[in-house]
Amino acid sequence: MITFISYIVVFGIIVFFHELGHFALAKLHKIRVFEFALGFGPKLFSKKIGETEYGVRAFPLGGFVKMDEDTVSEDPRSFLNAPAWKRLTVLFAGPLMNFFLAILVFSIVMWGIGFPVNAVGELIPDMPAAQSGALMPGDEILEINGVPTPTWNDVTSQIAPNAQLEMKIEREGQILYVDLIAVRDPDDSRYVVGIRPLSRRDASSAVMMAVSQTWMMSREVVGFLATLPAGGQEGVEIVGPVGMASMVGEAARGGIFNLLALTGLFSINLGIFNLLPLPALDGGRIFFIFVELILRKKIDKEKEGLVHLAGFALLMALMLFVLYKDLLRLFQ
């Protein structure tokens, strides 16, 4: 039950933010929005406010904003009659909101659990740092072997390859120098001294780290997609609804911060996937608008609609194939 509820909540939030982006920009540009819905299929409930109907439908995996994207209309407020730049911003807004959601949830995670800084939080017993008595909790590590260490990653990267360490530290406003002999980690070949980082909570730093995390994950997703024509990355498989449900359930059992972090990752994936220039996706519609700008004339909407219909059919076939692979992994 926890897996099912978490799955609905996670994807409900991701889809809501995506569709909210389209909806907000359409309203900002005074484009007529007929319906804003979460889910697909039969209506569970709905309410019309002004010209827009707001509702929730039976199948929660999805959502939509209905704006007359494929129907030629005489209505001056129709989506298709809006200037190209307005249509582009409406289409881009959905994926951009997915990146915003990722930054938001990563910020909450970074602030909630804190993040490691270049200072000693704990000394591990029977390890060189504790045995030497030279380091104390709270010591800020400024340099190691003459190399500045402004972050915890810098600290670990300088310790890992070096057995002999000269640390420049700051303790209660005083600058001190500490010499340590590191030992090999029994699990791998790197050197360790037996210190754990001090964790701090700072809202502005949490946001900056969340932006960095979103950028890094986005690059990894794009890099993976770039390898698909050649067969993808070894050991990495695309998962479908069943696989994602399993991941959500596992994250939920690990705690709220694990679930939020996974929400951010899924949101990034959805944002990038929707920007791909494939028919039926936001990226496909964006592609056609750029073609329209290059040709300086409107594209026949019936022909474009057929392309999107064919693309939608292919996407559904791909989803069924991925679902089949999911089920095979599940029963193996």
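No hydrogens, no waters, no symmetry mates; every other heavy atom, side chains included, goes into these values.
Of all the heavy atoms in Leu123 and Ile195, the pair that sits closest is CD2-CG2, 3.7 Å. Scanning both residues, Glu143 and Pro148, for their nearest heavy atoms gives CG-CA, 3.9 Å. Shown here for Asp282 and Pro95, the closest heavy-atom pair between the two residues is OD2-CD, 3.7 Å. Counting all heavy atoms, side chain and backbone alike, Val10 lies closest to Phe266 at CG1-CD1, 4.3 Å. Contact detail for Phe106 and Met217: the closest heavy-atom pair is CZ-SD, 3.5 Å. When all heavy atoms are compared, the tightest approach of Met127 to Gly194 is CB-CA, 3.7 Å.
At least one side-chain heavy atom of Trp152 sits less than 4.5 Å from a side-chain heavy atom of Val155. Under the 4.5 Å side-chain criterion, counting only non-hydrogen atoms from C-beta, Asn118 is in contact with Glu140. Annotation: side chain of Trp215 is not in contact with side chain of Val211 (no heavy-atom distance under 4.5 Å). Proximity of Thr52 to Lys27: side-chain heavy atoms (C-beta onward) are separated by under 4.5 Å at one or more points. Between Asn81 and Arg77, the closest side-chain pair of non-hydrogen atoms is not below 4.5 Å. Between Ser218 and Phe99, the closest side-chain pair of non-hydrogen atoms falls below 4.5 Å. With a 4.5 Å cut-off on side-chain heavy atoms, Leu88 and Phe290 count as touching. Looking only at side-chain heavy atoms (C-beta outward), Arg184 and Ser189 come within less than 4.5 Å of each other.
A donor-acceptor contact under 3.5 angstrom links the side chains of Asp154 and Thr151, judged on distance only.
The cluster map of Ile, Leu, Val, Met, Phe, Trp and Tyr, joined by side-chain heavy atoms under 4.5 Å apart, puts Met209 and Val207 in different clusters. Linking ILVMFWY residues whenever their side-chain heavy atoms come closer than 4.5 Å, directly or via other members, places Phe224 and Phe273 in the same cluster. The hydrophobic cluster containing Leu25 also contains Phe92, counting ILVMFWY residues as joined when their side-chain heavy atoms lie under 4.5 angstrom apart, directly or transitively. Under the 4.5 Å side-chain contact rule for hydrophobic residues, Val56 and Val33 do not share a cluster. Trp85 is not connected to Leu295 by any chain of hydrophobic side-chain contacts under 4.5 Å among Ile, Leu, Val, Met, Phe, Trp and Tyr, and they are in different clusters.
Under a 3.5 Å cut-off, the side chain of Asn145 and the backbone N or O of Gln164 do form a donor-acceptor pair. Although no hydrogens or angles enter the test, the distance criterion places no donor-acceptor pair under 3.5 Å between the side chain of Ser267 and the main chain of Thr263. Proximity of a side-chain donor or acceptor of Ser107 to a complementary backbone N or O of Ile103 within less than 3.5 Å is detected.
How far CD of Gln213 is from CE of Met110: 4.5 Å, rounded to the nearest 0.5 Å. For the atom pair CD of Glu170 and NZ of Lys168, the computed distance is 9.5 Å after rounding to the nearest 0.5 Å. With rounding to the nearest 0.5 Å, the separation of CG in Asn98 from CD in Glu19 is 9.0 Å. We find the NE2-CG distance between His18 and Leu270 to be 6.0 Å, quoted to the nearest 0.5 Å. Separation of atoms CG (Asp139) and CD1 (Ile169) is listed at 4.0 Å; rounding is to 0.5 Å. Between the CG atom of Leu281 and the CG atom of Leu91 there is a distance of 11.0 Å, given to the nearest 0.5 Å.
Surrounding CE of Met216 are more than 12 heavy atoms belonging to other residues, nucleotides or ligands, all under 6.0 Å away.
Note: Phe23 and Tyr54 have perpendicular aromatic rings, judged against thresholds of 30 and 60 degrees for the angle between ring planes.
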Inset, instruction - Test Leu180 against Ile159 for side-chain contact (heavy atoms from CB on, under 4.5 Å), laying out the working first. - result: CA-CA 10 Å; Leu180 287 177; Ile159 293 175; over 6 Å; no

Inset, instruction - Start with the C-alpha gap between Ile124 and Val192, add the side-chain angles, then the distance that decides, and say whether side-chain contact (heavy atoms from CB on, under 4.5 Å) holds. - result: CA-CA 11 Å; Ile124 300 174; Val192 294; over 6 Å; no

Legend entry - Step-by-step side-chain contact (heavy atoms from CB on, under 4.5 Å) determination, Phe64 to Arg57: CA-CA 10 Å; Phe64 61 90; Arg57 302 202 171 207; 3.7 Å; yes

Legend entry - Step-by-step side-chain contact (heavy atoms from CB on, under 4.5 Å) determination, Lys43 to Glu53: CA-CA 11 Å; Lys43 294 179 183 178; Glu53 183 179 3; 2.8 Å; yes

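With a 6.0 Å cutoff to the six-membered ring centre and a 45° limit on the axis angle, Arg201 does not count as a cation-pi contact of Phe115.
The existence of a salt bridge linking Arg196 and Glu122 is confirmed by a sub-4.0 Å separation between a basic side-chain nitrogen and an acidic carboxylate oxygen.
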